[in-house]
Amino acid sequence: ARSDWTDDLSQYRMIGLLALGHDGGENLSEDQIQALIAANAAGTRLVFMADVDSCGSTVMADAIARVGSSMGYTGEAPDPTYVAQSAGDDLSPNHQLTAGLSEVRFRAPCWVDAGGGSPISLASNGNAIVGTQLLDHGGEVIVMGDFGVIDDSGNFAREDLDNKLFGENLVKVDPAL
């Protein structure tokens with residue numbers, strides 16, 4: 001929660017920013033942005049996560065841009081009942097986040113605009129669901145179109161899917177892979 005924000009975020013391997021602005025909240029403060037940038041430069045992965053209701057969040061777009069990323073969301077999402085399966089060629093073979101994955105399912109994801117980054121998970125229709133970008137200061141930003149991919153309400157616990165491994169990979173932050 002923003003009310004529990006600490007000045008030194010570098011102790012975290014990953015910071016997940018979940019549906020910023022979904023509740024009509026305000027943009028992050030300059031101090032918060034600078035704390036995110038400092039942590040990111042020290043090796044903390046910043047993960048922006050949206051859902052179908054926050055695809056067009058200006059608060060999310062502002063935070064992504066202010067940390068130095070050119071990625072974002074297209075503002076579009078499929079029908080709320082749409083299930084996107086990323087498998088095979090839809091998963092980048094060259095990123096630590098997708099290492100060991102065979103199939104990951106996303107429910108009604110926001111489409112990601114990978115901008116100056118790279119898409120690492122696609123829907124079968126070719127739209128990006130997850131993108132990654134290494135920033136000038138060396139930190140990595142991930143933009144995800146569905147935070148439900150790593151919750152325990154469905155696909156996360158299924159043994160025939162790799163959603164749990166995907167969640168574990170988010171926090172590994174292993175630059176060697």
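By convention here, the first residue in the shown sequence is residue 1.
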> Starting from the C-alpha separation in whole Å, work towards a yes-or-no answer on side-chain contact (heavy atoms from CB on, under 4.5 Å) for Leu135 and Gln133.
CA-CA 6 Å; Leu135 302 182; Gln133 185 175 21; 4.0 Å; yes
> Could you note down all residue pairs passing disulfide bond (SG atoms under 2.5 Å apart) where residues 58-91 supplies at least one of them, sequence neighbours left out?
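Output for this query is empty, none listed.
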> State whether the side chain of Ser86 and the backbone N or O of Leu122 hold a donor-acceptor pair below 3.5 Å, judged by distance alone.
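At least one qualifying donor-acceptor pair exists.
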> If every non-hydrogen atom of Arg13 is compared with every non-hydrogen atom of Val171, which pair is closest and at what distance?
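Nearest heavy atoms, Arg13 then Val171: CB-O, 3.7 Å.
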> Quick one: list whatever passes side-chain contact (heavy atoms from CB on, under 4.5 Å) with Ala84, sequence neighbours left out.
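Testing Ala84 for side-chain contact (heavy atoms from CB on, under 4.5 Å), a comparison that skips the adjacent residues, returns Tyr82, Phe106, Pro109, Ala123, Ile129.
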> Side-chain heavy atoms nearer than 4.5 Å, only ILVMFWY residues, links allowed to pass through others: does that put Val52 and Ile150 together?
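No, Val52 and Ile150 fall in different hydrophobic clusters.
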> Where do Met60 and Tyr73 come nearest, in terms of heavy atoms and distance?
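Shortest heavy-atom separation between Met60 and Tyr73 comes out as CG-CE1, 3.6 Å.
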> Could you pull out all residues at least two apart from Ser54 that satisfy side chain to side chain donor-acceptor pair (under 3.5 Å)?
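Side chain to side chain donor-acceptor pair (under 3.5 Å) list for Ser54, sorted by chain: Asp51.
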> Looking at every non-hydrogen atom in both residues, tell me the closest pair between Gly72 and Ile64 and how far apart they are.
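Minimum heavy-atom separation between Gly72 and Ile64: CA-CD1, 4.3 Å.
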> Sort and list the pairs that fulfil salt bridge (charged side-chain N to carboxylate O under 4.0 Å, His left out) and have at least one residue in residues 126-144, not counting sequence neighbours.
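Sorted result for residues 126-144: Arg45-Glu140.
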> Say you draw a straight line from CG of Leu9 to OG1 of Thr44; how long is it, rounded to the nearest 0.5 Å?
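With rounding to 0.5 Å, CG (Leu9) is 7.5 Å from OG1 (Thr44).
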> Is any side-chain heavy atom of Leu36 closer than 4.5 Å to one of Leu46?
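The answer is yes; the side chains approach within 4.5 Å.
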> Could you list the residues that satisfy side chain to side chain donor-acceptor pair (under 3.5 Å) with Ser57, not counting sequence neighbours?
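Residues passing side chain to side chain donor-acceptor pair (under 3.5 Å) with Ser57: none at all.
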> Testing the basics here: between Met14 and Gly16, what is the closest heavy-atom pair and its distance to 0.1 Å?
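Residues Met14 and Gly16, closest heavy atoms: CE-N, 3.9 Å.
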> Under the disulfide bond (SG atoms under 2.5 Å apart) definition, can you give me all pairs with a residue in residues 65-135, not counting sequence neighbours?
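Every disulfide bond (SG atoms under 2.5 Å apart) pair that includes a residue of residues 65-135, provided the two are not neighbours, is Cys55-Cys110.
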> According to salt bridge (charged side-chain N to carboxylate O under 4.0 Å, His left out), does anything in residues 70-86 pair up with another residue at least two apart or in another chain? List the pairs.
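Residue pairs passing salt bridge (charged side-chain N to carboxylate O under 4.0 Å, His left out), neighbours aside: none found.
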> Under the rule for side chain to side chain donor-acceptor pair (under 3.5 Å), what residues qualify as partners of Ser124, not counting sequence neighbours?
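With neighbours one apart ignored, the set is empty.
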> To the closest 0.5 Å, what do you measure between CZ (Phe166) and CG (Leu97)?
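Answer for the CZ-CG pair, Phe166 versus Leu97, is 4.5 Å.
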> Which residues satisfy the side chain to side chain donor-acceptor pair (under 3.5 Å) test with Asp89, sequence neighbours excluded?
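Per chain and number, Asp89 pairs via side chain to side chain donor-acceptor pair (under 3.5 Å) with no residue.
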> Scan residues 27-41 for pairs that pass salt bridge (charged side-chain N to carboxylate O under 4.0 Å, His left out), counting only residues two or more places apart or in two chains.
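Passing the test, one end in residues 27-41: Glu30-Arg66.
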> Closest heavy-atom contact between Asn125 and Asn127?
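It is OD1-N, 3.0 Å.
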> Taking the side chain from Ser118 and the backbone from Thr132, do they hold a donor-acceptor pair closer than 3.5 Å?
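Checked: no pair found.
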> Short question: side chain of Asp146, backbone of Arg107 - any donor-acceptor pair under 3.5 Å?
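It does hold such a pair.
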> Give me the atom names and distance for the closest heavy-atom approach of Val141 to Asn40.
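The answer is CG2-OD1, 4.3 Å.
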> So, taking the atom named CD1 in Ile15 and the one named CD1 in Ile142, what distance separates them when rounded to the nearest 0.5 Å?
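It comes to 13.5 Å.
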> Hydrophobic clustering (ILVMFWY, side-chain heavy atoms < 4.5 Å, transitive) - are Leu134 and Leu170 grouped together?
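Leu170 does not cluster with Leu134.
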> Could you grab the distance from atom CE of Met144 to atom CD1 of Ile120, nearest 0.5 Å is fine?
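The CD1 atom of Ile120 is 9.5 Å from CE of Met144, to the nearest 0.5 Å.
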> According to the salt bridge (charged side-chain N to carboxylate O under 4.0 Å, His left out) rule, which pairs have a member within residues 93-104, sequence neighbours left out?
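Applying salt bridge (charged side-chain N to carboxylate O under 4.0 Å, His left out) to every pair that reaches into residues 93-104, excluding sequence neighbours, yields Glu103-Arg105.
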> According to side-chain contact (heavy atoms from CB on, under 4.5 Å), who are the partners of Ile37, at least two apart in sequence or on a separate chain?
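Ile33, Gln34, Val67, His137.
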> For a 4.5 angstrom cut-off between non-hydrogen side-chain atoms, does Val130 reach Val112?
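They are not in contact (no side-chain heavy atoms under 4.5 Å apart), so the answer is no.
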> Would you say Gln96's side chain and Asn169's backbone share a donor-acceptor pair under 3.5 angstrom?
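The answer is yes, because a donor-acceptor pair under 3.5 Å joins these two groups.
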> Checking side-chain contact (heavy atoms from CB on, under 4.5 Å) for the pair Val59/Asp62: CA distance, chi angles, key distance, verdict?
CA-CA 5 Å; Val59 175; Asp62 178 77; 5.7 Å; no
